[in-house]
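A note on names: the letters A, B, ... follow the listed sequences, proteins ahead of strands, and every chain is numbered from 1. What you see is a predicted model, and the numbers here were worked out from it, not measured in a lab.
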Amino acid sequence: MPLRRQFLNKPDDVVSEALEGFAAAWPHHVRLNEDPAYVVRARPATDKVAVVSGGGSGHEPLHVGFVGTGMLDAAVPGAVFASPTAVQIRAASMAADTGRGVLHVVKNYTGDVLNFRIAGELLADEGVRSDIVLVDDDLATDTGDADGPGRRGTAAVVAVEKVCGAAAERGADLETLTALGRRVAAHSRTLSVALAAGAHPGQSRPSFELPEDAVEFGVGIHGERARERRAFGPTGELVPQMVSPLVKALELGRGEQVIAIVNGLGATHDLELYGVFGEVRRFLEGAGIDIARPLVGSYVTSLDMAGCSVTLVRADEEILKLWDAPAATPALTW
Amino acid sequence: MPLRRQFLNKPDDVVSEALEGFAAAWPHHVRLNEDPAYVVRARPATDKVAVVSGGGSGHEPLHVGFVGTGMLDAAVPGAVFASPTAVQIRAASMAADTGRGVLHVVKNYTGDVLNFRIAGELLADEGVRSDIVLVDDDLATDTGDADGPGRRGTAAVVAVEKVCGAAAERGADLETLTALGRRVAAHSRTLSVALAAGAHPGQSRPSFELPEDAVEFGVGIHGERARERRAFGPTGELVPQMVSPLVKALELGRGEQVIAIVNGLGATHDLELYGVFGEVRRFLEGAGIDIARPLVGSYVTSLDMAGCSVTLVRADEEILKLWDAPAATPALTW
Amino acid sequence: MADQLSPAHVERWVHGFVDAVEEAGDHLTDLDRRSGDGDFGTNMVTALRRSREVLAGADTSTAGAPFQVMGETFLAHSGGTSGPLFGMWFRDFGKVGADAGALTLAMVAEATANGWATLARLGSAKVGDRTMVDAIAPASEALATAVDDGSGLVEGLRSAAEAARRGADGTSDLLGRRGRTSYVGESALGSPDPGAVTIALFYRTAVEAATA
Amino acid sequence: MADQLSPAHVERWVHGFVDAVEEAGDHLTDLDRRSGDGDFGTNMVTALRRSREVLAGADTSTAGAPFQVMGETFLAHSGGTSGPLFGMWFRDFGKVGADAGALTLAMVAEATANGWATLARLGSAKVGDRTMVDAIAPASEALATAVDDGSGLVEGLRSAAEAARRGADGTSDLLGRRGRTSYVGESALGSPDPGAVTIALFYRTAVEAATA
Ligand SMILES: Nc1ncnc2c1ncn2[C@@H]1O[C@H](COP(=O)(O)OP(=O)(O)O)[C@@H](O)[C@H]1O
Ligand SMILES: Nc1ncnc2c1ncn2[C@@H]1O[C@H](COP(=O)(O)OP(=O)(O)O)[C@@H](O)[C@H]1O
Ligand SMILES: [Mg+2]
Ligand SMILES: [Mg+2]
Ligand SMILES: [Mg+2]
Ligand SMILES: [Mg+2]
């Protein structure tokens, strides 16, 4: 039975203690409000639309690691894998609002969507305008069922936060940002594969067990199992199974440009992530698709899951310019 | 039996494939020379002492991730956990040399020391001046035996590379840099604790097994066991056992300033690292020691080891100024 | 028998509701175990107890105040799906009674209609989806009829409570189409939806408060 | 019997050495297993085979050239402790013969003395530490004496080979104080140090090349 112990005190305090340590580690970037819990920039912006995101904890550096110039104005962390409350979101949004409204970047999960929608109503009562960009990039949950919960939101949220963050910094208004974020989200797809599940704080059992010859194909970022198991194999065999459906779903044609994100799910080593990226590159080269911008690292994790995701974002000149714009956050700076 | 599979093709190709992917992912930062393998800045400096480091692979982002403005001019990766060869080091050093000499930042391991010393002799034959700063911060291997191999080099190497990199960028000469680097190394100590060992590429067994109630205390970064096992416990109990000996070994007094590095060993989640950092802070506050600069993240890893290290570096105004100087590398940018 | 709900009546209603849910907590959790993930009762009781504590120190001089406190408490502290939904539910009652010295039957009817609309907007649940909306909708219709008919407060609340109970009971025969219960399919049949049962308790305790 | 080692002699020496280590490979690995980690023979044979391949295409018109090739090959490709040390060892032979049409006994003595100094500088091993230095030191002293005495090439090489062999044999009685063998303590006693044995082969094959 794989044992997965963690460095922690009481499991219930993991998030609040981590937030305290995080804020102390990045005093020039962020400031923590303890109750309700949210993180804002250390030097709040004064005249721009506020870009705010949030969701369950356990995905670090997402979202708190992306608070800073050029990305988020505030991040709202929930408990591990649980949505923040609407009151947290309202408080963070009001702290970040400069009077020009608030863009909520929300990963598509029932709880997150519900609480951000409620927060939007609460904010309206306070006279604060807000709107939601729903990020729903996980191709593994694309059932085509219009009545269902839709695709989950995963690593494409980083692209949405980067691009909208940069546009907001340049003065774009809320309508423009909402349209831009929705465009990025609509043109993003992700597939994730796990070699081993992570374990919840305080638990030593991973959230599922995998036989030696299988990978969890199309896994989510909350320790839930995928719909499919496939044969374990070398990256040269696994990666095309991930990238090919993304290309098809986005209907990417020869000569098109993408942002490609290879993301570690928590316990996957850089050596592996860069190897995976090499395979992504080989595949896309073969398809005549140009990786205009690469991003490789562990940005959206699922606790200590051994796994990785590949995200493709169709890019145009506007998106690339915003992607290249400066950012200064704990997790992403250029 | 914990299963630790990896994303890879042939285990023998892990390093070369990762390097290829790494270089493709950071084209504006680095350029890869394939044979002999080394990484240099994409835009080489023209008039400064070259700062070059290297060592076995499996510690990523160390060292290749620190190539860029303000840190390394070149990094020389060996096979997993094995020193690069002297010929690799010579080639990297000659590629990086601008005529003002080369500083080698070397972690204290027999193979690394031998190959860097040989490289120094080879370089002398080519008319290239070089000198070595040996980083030997691992307090767990401080036996006091003058004839022994001495303390191992671990996470303090990041501080040495950052500080010497910044000073080199400002024009310091080789003698000054060597003295500076040795000063930083002499005032640095680290202790590392593992909750689970990592596994070599292609192997599914971790390099050692731990009972549920024990931690490997004073572990290295090559999957080797520590001399000691201690009781597993909450971070509030484990962290003081790590920090207290560091304070003693450095003879840190009340009112002194340190750079504190909390480093993940590969599979340890940010939530945990920030929790650990919180405990480090509490302990040092109690001892009246000021964390002038914090750094929290996975910078010097041991494959997918679950564990973390705490490094303290005694800091003065010069060191802090150099620490704060801009850096633009794949793994560290500010 | 009151014909308006004074702030004291509303407080009694709210405390009666907290007590009733506390008493039914294990049963509600069990219902959620059959049709979801088995945390409903526990979450509900936790949030209600917290509300009771906050209420003890709060200014409840208007008829809406107790509901405003409950709304904020649920929105600030309660997780899961039902927590925020109940938060918005209570909030609509708080809004209607915000500046009022008492709640009339028409105001209860208005709050119920607003709350139904809010929940439908937020959770997209329609009647028949096996959610608390299946108790809210008949209660709302009963209240509207009572107001139209010029019924008295107690009579109107009684008809609402009766309608809500029947609606809740009826969820036993429904297949879930919203929330977690949509994943369990037929195995939930035979047990009512815990959210709907809780709404029935909400109107039952209103009657008790008005008649006590 | 030559009194100088021409480039052809040196090539024969080098190939003879490669063959001899190839033949002794398993035995050397076994010795390293007793006193270290059991990779010595394998590493050595791999690097020597690679050297032989490079030599086939290299310009070896000077007496030092084959050694230069071997030095570079070992430094570029051989891991472990002994690989780089042997690289530097061959390199010192390459340097002495760099521009020479032939190697005299004095030049072999000089290269040996230089190599010894290089290894001592790099590896800090002293005589008696159970390393290849325990074969090099007596060979170096024998060569110095031979040069002082005006001995012929073959005679001098023979005395070096004999001294190196005795030195290597003697390591069986030594406790390791450098490298991995320092960790295994007494359990290595009774078997000679593989590095020292290899140095003895180096001088034995020199004699064979000079007398063939
Ligand atoms: N979309 C929805 N709209 C209205 N009510 C809902 C919806 N989804 C679930 N519910 C109600 O919430 C109750 C379950 O609440 P809870 O246990 O907190 O949810 P979960 O544990 O699934 O997050 C159900 O009994 C149902 O009445
Ligand atoms: N410090 C040293 N100086 C000289 N020779 C050494 C030293 N350490 C080891 N050796 C030689 O290296 C040989 C072992 O080589 P090798 O198996 O490549 O080393 P390892 O596997 O320990 O890295 C020993 O037999 C010894 O002759
Ligand atoms: Mg539930
Ligand atoms: Mg639940
Ligand atoms: Mg060996
Ligand atoms: Mg070895």
Side-chain angles (χ1 to χ4, degrees), chain A residues 2-10 14-15 17-22 24-27 57-58 60-61 65 80 193 195-196 198 201 204 210 212 232 234-236 238-239 262 266-279 281 291 294-296 298 301 303-304 306 308 328 333-334, chain B residues 2-10 14-15 17-22 24-27 57-58 60-61 65 80 193 195-196 198 201 204 210 212 232 234-236 238-239 262 266-279 281 291 294-296 298 301 303-304 306 308 328 333-334:
Chain A
L3 192 70
R4 307 289 280 275
R5 294 167 310 166
Q6 303 95 9
F7 292 105
L8 51 81
N9 287 312
K10 274 183 290 163
V14 164
V15 173
E17 293 196 354
L19 285 173
E20 187 200 320
F22 172 74
W26 300 99
S57 292
E60 287 67 26
V80 172
V193 167
L195 303 182
S204 58
L210 264 171
E212 190 154 354
F232 176 61
T235 37
L238 287 176
V239 170
V262 170
T268 300
H269 200 262
D270 272 9
L271 275 182
E272 299 170 70
L273 294 180
Y274 284 113
V276 167
F277 177 69
E279 293 295 343
R281 217 169 130 249
I291 301 185
L295 185 69
V296 182
S298 293
T301 60
L303 292 172
D304 60 340
C308 73
T333 293
W334 58 60
Chain B
L3 193 71
R4 307 290 278 275
R5 296 165 311 165
Q6 303 94 8
F7 292 106
L8 50 82
N9 287 310
K10 275 183 290 166
V14 164
V15 172
E17 294 196 355
L19 285 173
E20 188 199 320
F22 172 76
W26 300 99
S57 293
E60 288 66 24
V80 172
V193 166
L195 302 182
S204 58
L210 263 172
E212 190 155 351
F232 175 61
T235 37
L238 287 176
V239 170
V262 170
T268 300
H269 200 263
D270 272 8
L271 275 183
E272 300 170 70
L273 295 181
Y274 284 113
V276 168
F277 176 68
E279 294 294 344
R281 217 169 129 248
I291 300 184
L295 185 69
V296 182
S298 293
T301 60
L303 293 170
D304 59 341
C308 73
T333 294
W334 62 57

| task | Working to the nearest 0.5 Å, report the span between CG of A/Leu238 and CZ of B/Phe7. | result | 6.5 Å
| task | Counting only heavy atoms closer than 4.5 Å, note whether B/Ala328 contacts chain A via side chain, backbone, both or neither. | result | neither
| field | Distance-minimising heavy-atom pair for A/Ala25 and B/Tyr274 | value | CB-CE2, 3.8 Å
| field | Validation row: B/Leu210, A/Arg5 side chains within 4.5 angstrom (heavy atoms) | value | yes
| field | Segment of B/Leu271 engaging chain A (4.5 angstrom heavy-atom cut-off) | value | both
| said: If you apply the rule side chain to side chain contact (heavy atoms under 4.5 Å, CB included), what do you find for A/His269 with B/Gln6, and how did you get there? | reply: CA-CA 9 Å; A/His269 200 262; B/Gln6 303 94 8; over 6 Å; no
| field | Top contributor to chain B interface from A/Gly58, A/Gly266, A/Gly198, A/Gly65 [non-hydrogen pairs under 4.5 Å] | value | A/Gly58
| query | Can you say whether A/Val262 sits under 4.5 Å from chain B via the side chain, the backbone, both, or neither, judging by heavy atoms? | reply | neither
| remark: Looking only at B/Phe232, B/Trp334, B/Trp26, most heavy-atom pairs under 4.5 Å shared with chain A are made by B/Phe232
| note | Highest number of heavy-atom pairs under 4.5 Å with chain A among B/Pro27, B/Pro201, B/Gly21 belongs to B/Gly21
| salt bridge (Lys or Arg N to Asp or Glu O under 4.0 Å) against B/Glu17, all qualifying residues, sequence neighbours excluded | none
| field | Which portion of B/Val239 sits near chain A, non-hydrogen atoms under 4.5 angstrom | value | neither
| note | Residues passing the salt bridge (Lys or Arg N to Asp or Glu O under 4.0 Å) test with A/Asp304, sequence neighbours excluded, are A/Arg4
| request: For each of A/Asp270, A/Val296, A/Val276, tally heavy-atom pairs with chain B at distances under 4.5 Å, and name the one with the top tally. | output: A/Asp270
| field | Which of A/Lys10, A/Glu212, A/Arg281 touches chain B most, by non-hydrogen pairs under 4.5 Å | value | A/Glu212
| request: Heavy-atom pairs under 4.5 Å with chain B are the metric here; pick the option from A/Gly278, A/Ala196, A/Cys308 that has the most. | output: A/Cys308
| Smallest separation among heavy atoms of B/Asn9 and A/Pro234, with atom names | OD1-CB, 3.3 Å
| Proximal component of B/Phe277, with respect to chain A [non-hydrogen, under 4.5 Å] | side chain
